Amino acid sequence: MLFANIALVDDSFQYREGQWVGVRDGVIAYVGDEAPESEMAAAFGEVYDGTDRLLMPAFYNAHAHAPMTLLRGYAENLPLQAWLNDAVFPFEAKITPEDCYWATMLACAEMARFGVVSFSDMYYHMEMGARAVLEAGMKANLSDTLIAFGGEGLADLPLYEQNEMLLAQWHGAGQGRVLIDCNIHAEYTTNPGAICDIVAYAKAHGLRIQVHVSETKLEHEECRQRRGGMTPVAYLDSLGVFDVPCTAAHCVWVDGSDIETLVEKGVFVAANPASNMKLGSGFAPYGAMLDAGVRLCLGTDGMASNNSHDLMQDMYLLALAGKGAALDPAAVTPQQAIRAATREGALSQGRADCGLVKQGMRADLCVLDVSGPSWAPMTNPLVNLVYSGHGSDVALTMCDGEVVYRDGAWPTIDVARAKAEVSARTRRIQAELAD
């Protein structure tokens with residue numbers, strides 16, 4: 001495809017008009033302010049009219065629980081611990097592998113609609129997630145969840161054999177579109193031996209780690225009581241978690257020393273502003289993190305604590321929450337918010353060749369329709385993108401050069417069936433819980 005005479009967000013996160021971008025064999029093969037020569041242009045195939053359109057890197061959801069589309073609208077108005085223990089965990093105990101497949105497929109449809117091409121997932125039955133992702137034509141870093149309340153080690157848990165199967169059958173599938181990560185649910189749901197085991201497993205297999213960190217004040221303070229004064233960041237660091245590539249979700253209650261550790265160890269922090277506000281968890285110090293050099297990326301979390309996979313909505317909240325928490329209107333710039341939602345998310349997944357509109361990068365792109373009234377005037381297009389744009393403005397989503405959403409159609413997903421399957425399966429689980 002050749003995007004013709006289109007405005008774009010370039011690889012320095014600056015706005016440029018009148019650009020030409022050619023995609024071939026899954027890669028951005030041409031970027032220029034003039035049309036390519038006719039022979040090259042013909043090789044790109046379809047010419048996409050850039051009038052009233054903005055081309056940018058696609059979005060990367062750095063923290064999600066895709067099968068939780070089953071729980072959208074469920075477990076409302078509860079703080080995190082009651083939300084988990086009284087509502088979410090009992091519901092999740094009823095979820096089958098096939099439920100996870102359909103719920104992930106619906107999540108893929110929703111994310112593609114909003115310009116997201118890849119997500120980092122922590123859940124269960126990830127082989128079903130991999131199947132859905134590949135069929136949808138998207139990307140994901142998938143990890144089955146480590147929970148170990150007692151003294152069990154990794155070898156004592158079904159997770160060990162699950163990870164072995166995932167690595168053998170799914171790691172690198174779809175020419176690298178599916179990657180398998182390790183994960184640790186949280187400090188408060190695991191024991192130190194199991195954490196050390198999963199770290200050793202990740203090191204041995206060259207895998208990344210995903211983990212929830214300091215999501216609530218209660219979690220943060222109870223960790224200090226349990227772990228001899230150590231915060232969750234300090235505790236996880238003491239066990240070597242940050243000695244492998246790691247994405248730490250939330251980090252709402254981190255302190256100055258924690259931030260120093262996150263910077264020193266190169267930890268990616270996946271901000272989840274919508275989820276954190278909805279569960280009353282608080283406001284993470286995004287401005288302080290960015291000032292210190294934290295690798296900030298962006299996630300939606302699950303649909304029981306956000307209700308929407310519209311990452312543009314979370315980008316808007318990231319910028320606002322960062323300013324509000326710091327009492328500083330300059331705390332988060334538009335470029336920082338956009339980069340968190342795109343390039344940093346790709347890097348948090350180990351996808352170094354993704355997340356930029358640049359020749360040689362993978363063609364993970366989205367096109368926004370900027371003809372609507374909320375986009376006028378274009379005094380500062382990047383400000384408009386963060387504060388005036390919406391996921392519904394996405395007109396096209398492309399993953400590795402293949403269109404996965406365009407103008408109300410999903411060429412790779414039967415959305416009607418996915419909606420019907422997930423609705424029916426949610427009703428079944430609710431009936432089981434009521435018995």
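Values in this document were obtained by computation on a predicted structure and should not be read as measured data. Side chains included, hydrogens not; waters and symmetry mates left out as well; all remaining heavy atoms used.
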Distance-only side-chain donor-acceptor flag, His250 / Asn276, under 3.5 Å: yes

Heavy-atom side-chain proximity of Asp255 to Thr231 below 4.5 angstrom: yes

Closest non-hydrogen atom pair, Ala271 against Leu296: CB-CD1, 4.1 Å

Heavy atoms from other residues, nucleotides or ligands near NZ of Lys323 exceed 12 (cutoff 6.0 Å): yes

Member of Gln349, Arg177, Lys139 meeting the side chain to side chain donor-acceptor pair (under 3.5 Å) criterion with Ser118: Gln349

Test item: Arg113 side-chain N/O and Ser392 main-chain N/O as donor-acceptor pair under 3.5 Å: yes

Asp49 and Thr51 side chains, donor-acceptor separation under 3.5 Å: yes

Closest heavy-atom pair and its distance - Arg24, Ala43: NH1-CB, 3.7 Å

Test item: side-chain donor near acceptor, Glu127 and Tyr101, under 3.5 Å: no

Nearest atoms (heavy-atom pairs only) where Trp375 meets Pro381: CZ3-O, 4.3 Å

Approximate separation, where rounding is to 0.5 Å, of Leu55 CG and Leu396 CG: 9.0 Å

Geometric class of the Phe44/Tyr30 ring pair [parallel <30°, tilted 30-60°, perpendicular >60°]: tilted

pair Val403-Met1: side-chain heavy atoms closer than 4.5 Å: yes

Interatomic spacing from CD1 in Ile147 to CZ in Phe89 - rounded to 0.5 Å: 5.0 Å

Any side-chain heavy-atom pair of Cys366 and Tyr405 under 4.5 Å: no

Side-chain (Gln210) to main-chain (Thr247) donor-acceptor, under 3.5 angstrom: no

Expected output: side-chain Ser308 to main-chain Asp310 donor-acceptor under 3.5 Å: yes

Over 12 foreign heavy atoms within 6.0 Å of CD, Glu402: no

Gln162 and Tyr160 side chains, donor-acceptor separation under 3.5 Å: no

side-chain contact (heavy atoms from CB on, under 4.5 Å) evaluation trace for Leu382 with Gln335: CA-CA 7 Å; Leu382 297 184; Gln335 285 88 350; 3.4 Å; yes

Closest non-hydrogen atom pair, Ala284 against Met289: CB-CE, 4.3 Å

Donor-acceptor pair between Asp33 and Gln19 side chains, under 3.5 angstrom: no

Expected output: side-chain Arg343 to main-chain Cys354 donor-acceptor under 3.5 Å: yes

Pairwise side-chain contact, Pro273 with Leu298, heavy-atom cut-off 4.5 Å (strictly under): yes

Nearest-0.5 Å distance, CG of residue Leu365 to CZ of residue Phe59: 11.5 Å

Donor-acceptor contact below 3.5 Å, side chain Thr104 vs main chain Gly129: no

Straight-line distance of Asp11 CG to Gln359 CD, nearest 0.5 Å: 11.0 Å

Any donor-acceptor pair under 3.5 Å from Glu219 side chain to Glu215 backbone: yes

Parallel, tilted or perpendicular: ring planes of Tyr74 versus Phe91, cut at 30 and 60 degrees: tilted

Heavy-atom closest pair, residues Trp83 and Ser305: CZ2-CB, 3.8 Å

Check: Trp102 side chain, Leu70 main-chain N or O, donor-acceptor pair, under 3.5 Å: no

Heavy atoms from other residues, nucleotides or ligands near CZ of Phe13 exceed 12 (cutoff 6.0 Å): yes

Asn61 side chain near Met111 side chain, heavy-atom distance below 4.5 Å: yes

Note, Val415 side chain near Ile413 side chain (heavy atom, < 4.5 Å): yes

SB check Asp181 Arg208 (cutoff 4.0 Å): no

side-chain contact (heavy atoms from CB on, under 4.5 Å) between Asp121 and Asn141, intermediate numbers included: CA-CA 6 Å; Asp121 216 37; Asn141 285 44; over 6 Å; no

Pair His205 and His171, ring centroids less than 6.0 Å apart: no

Backbone N/O of Ala103 and side chain of Thr69: donor-acceptor pair under 3.5 Å: yes

Whether over 12 other heavy atoms sit under 6.0 Å from Glu46 CD: yes

Among Asn183, Ile184, Leu146, side chain to side chain contact (heavy atoms under 4.5 Å, CB included) partner for Ile209: Ile184

Check: Thr261/Asp258 side-chain N/O donor and acceptor closer than 3.5 Å: no

Sub-4.5 Å side-chain heavy-atom contact between Tyr201 and Glu164: yes

Heavy-atom side-chain proximity of Trp170 to Ile180 below 4.5 angstrom: yes

Asn306 and its side chain to side chain donor-acceptor pair (under 3.5 Å) partner, picked from Thr300, Asp314, Asp301, Asn272: Asp314

Within 6.0 angstrom of Lys358 NZ, more than 12 heavy atoms from elsewhere: no

Main-chain N/O of Arg362 paired to Asp353 side chain as donor or acceptor, under 3.5 Å: no

Lys419 vs Glu110, salt bridge (Lys or Arg N to Asp or Glu O under 4.0 Å): CA-CA, chis, key distance, verdict: CA-CA 10 Å; Lys419 288 167 58 180; Glu110 187 180 3; over 6 Å; no

Separation of Leu318 CG from Gln336 CD (nearest 0.5 Å): 9.0 Å

Step-by-step side-chain contact (heavy atoms from CB on, under 4.5 Å) determination, Thr397 to Arg406: CA-CA 6 Å; Thr397 304; Arg406 184 173 183 176; over 6 Å; no

Straight-line distance of Tyr60 OH to Leu347 CG, nearest 0.5 Å: 9.5 Å

Worked check of side-chain contact (heavy atoms from CB on, under 4.5 Å) between Leu236 and Val211: CA-CA 10 Å; Leu236 294 169; Val211 59; 4.0 Å; yes

Donor-acceptor pair, side chain of Arg428 and main chain of Lys94, under 3.5 angstrom: yes

Heavy-atom closest pair, residues Met138 and Cys399: CA-SG, 3.8 Å

Glu135 with Arg131: basic N within carboxylate O range, under 4.0 Å: yes

Sub-6.0 Å ring centroid separation between His65 and His212: yes

